[in-house]
Number of protein chains: 2
Amino acid sequence: MLAEERRSRLLEIVRNHQFASLPQLVEQLGVSESTIRRDLEQLDEQGITRRIHGGVLFVGAEPKVPHFETREPSQWHLKKAIAQNAAALVDDGDTILLDGGSTTYEVARLLVGRALHVVTNSLPVANLFASDPNSDLVFIGGNICPRTGVARGPYADQMLSQVRVRKTILSTAAVCEEGFFNNNLLLIETERAMMRAGKEVIVVVDSSKFGNQSLGHVCSLGTVDHVVVDSLLSDEWRFKLTAVGVNLRIAEVDEPALAMQI
Amino acid sequence: MLAEERRSRLLEIVRNHQFASLPQLVEQLGVSESTIRRDLEQLDEQGITRRIHGGVLFVGAEPKVPHFETREPSQWHLKKAIAQNAAALVDDGDTILLDGGSTTYEVARLLVGRALHVVTNSLPVANLFASDPNSDLVFIGGNICPRTGVARGPYADQMLSQVRVRKTILSTAAVCEEGFFNNNLLLIETERAMMRAGKEVIVVVDSSKFGNQSLGHVCSLGTVDHVVVDSLLSDEWRFKLTAVGVNLRIAEVDEPALAMQI
DNA sequence: TCATGATATTGAAAGATTATGGAAGAATTC
DNA sequence: GAATTCTTCCATAATCTTTCAATATCATGA
């Protein structure tokens, strides 16, 4: 791991907990105490944290608008690997529909510059493609959710009913035996419309989402064509998905980085 | 492989991964470390990437969306004054429809934070309001113009036919006796739809646009309710506009400001 | 078309800089 | 006073900068 990456992860940890002890950081970042000390020294000089005997306090200001690029989402390395795998499913010249969400955003980033017809209801995704001369972009209008920048609601549903795409790439908040779930009720109908608009439906989701439920049921497991997930997914779930006819794609990730999460 | 090709591939790699280590790049591009270093130096100078110990980070201005703030529009001081005047026409609680264009963008900036229902087909404008908790935002979907980030085309027209707003704020490329003109043919029908959607139509335009023609005719002079323009407008034009029943609003600007334009 | 010198690009190596882990002793907490 | 934590120092390895020679590319005029 690079020094910069480590430092940003360190800061992330300290920010999330407001405090961290040295041994704790040593364990989570897997480097020596000396290195942690030096990193903390830097952060201290920048006034972001304050050293105290036995650990470090976070004193910096919260970052403002949570833009996917700046915030270090949980399971970021998983999403990254999944996105890479999912992007390989897209061919040049394809017409694709991209949902909102941080994982699909990662997919979108990898697709910028490719010759594609892109349809999306996500403002951040649209911003990525807006000035890309290689692709053309159709934005699905509708009510914009302030938190996520995603369009949903009746306008979106109606417009989606009129488009047809080769591949729909969706993310989801939770997966359990009953199927895929989302935590935004307004989005559910919109996501269903997106699935109807796509010839192939690709769901990108990291392993931590499995076994959970969420607010609203979107669809059953077997109704999607591909599921792209990281290699930390249990064998049990791998079996369940393939049993219902889903084409399962596993993105290899190194080490059970789960222990990183406190 | 040509140097240029190598550099573009390098940038591609770095952009896709957000980060790349030197040995990794050496292997993938098949040139020496020295060469990679020199290439990275160039990218670094251009501000596209950031060198860190052990590799390189991609920082490329992601929102390459035509961000009006960065480019220095001509007649900026005029647009500024006009925007101020036009923003005063908007009341709290209004439902407004905002067109694309640099003048309307200035209006939008002044309206951020107000309690409004905002409808727009402009990506830059939508970005302004997306995270504003005081307003709610409806985006008019459609084909996004790569240069301006504005949605137009049949999807946009159809969606516009279903919305009704209190005030429509439009900009225009040219004004002559025959009426208002625009330089983008696809936008014309969309702008007409926007006018139909609004109870009141407000046109924001600076004095330099008067007397010119442009590609496509949008509507005649008398069909709009308000025209907001800077005080450099000739008396002749002031008369023409008021004669057809337009409510003319003059934004005061300093005369000698013209000389400012180098 | 060909030769020729100027300029730019490339790869390799040497030396400087930085990152890291470990250890010894001082300072602190309890 | 004992345990923990901190500071300081050093050795090692990785990475960076500088430099130089070899090669490639280009523009120019014969």
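First the proteins, then the strands, lettered A, B, ... as listed; each starts at 1.
Below the 3.5 angstrom threshold, one finds no donor paired with an acceptor across the side chain of B:S32 and the base of C:dA12. Put simply, the side chain of B:R38 and the base of C:dG11 share a donor and an acceptor less than 3.5 Å apart.
Within the 4.0 angstrom heavy-atom criterion, only backbone atoms of the sugar-phosphate kind lie near B:T35; the bases stay farther away. B:L40 comes within 4.0 angstrom of no nucleic acid atom, judged by non-hydrogen atoms across all strands.
With D:dC16, C:dA19, C:dA12 as the choices, the nucleotide that has an atom nearest any side-chain atom of B:S34 turns out to be C:dA12.
Atom CG of B:D39 is separated from atom P of C:dG11 by 10 Å (rounded to the nearest Å). The nearest whole Å value for the distance from the CG atom in B:L10 to the P atom in C:dT10 is 12 Å. Following rounding to the nearest Å, A:E4 (CD) and C:dA19 (P) show an atom-to-atom distance of 9 Å. Spacing between atom CD of B:Q24 and atom P of D:dA14 amounts to 17 Å, rounded to whole angstrom units. Taking atom CZ on B:R51 and atom P on C:dT17, their separation rounds to 17 Å, with Å as the unit. Whole-Å rounding puts the A:L25 CG to D:dT5 C1' distance at 14 Å. If you take CD of A:E33 and P of D:dT7, they are 11 Å apart, rounded to a whole angstrom. Straight-line distance from the CG atom of B:L29 to the P atom of C:dT10: 11 Å, rounded to whole Å.
Between A:R6 and C:dA19 there is no side-chain N or O to OP1 or OP2 distance below 4.0 Å. Contact check, B:R37 against C:dG11: no side-chain N or O comes under 4.0 Å of OP1 or OP2.
Salt bridge absent: A:E41 and A:R38 never bring a charged side-chain N and a carboxylate O closer than 4.0 Å. Note on B:R37 versus B:E33: salt bridge recorded, some NZ/NE/NH1/NH2 to OD/OE distance being below 4.0 Å.
A donor-acceptor pair under 3.5 Å is formed between the side chain of A:T168 and the backbone N or O of A:M194. A donor-acceptor pair under 3.5 Å is absent between the side-chain atoms of A:K240 and the main chain of A:L221, judged by distance alone.
Where A:L2 and A:G55 meet DNA chain D, the nucleotide closest to each residue was compared, and A:G55 sits on the side nearer the 5' end. Nearest-nucleotide assignment on DNA chain C puts the 5′-proximal partner with B:I36, out of B:I36 and B:H53.
Looking at B:N183 and B:S214, their side chains never bring a donor and an acceptor atom within 3.5 Å of each other.
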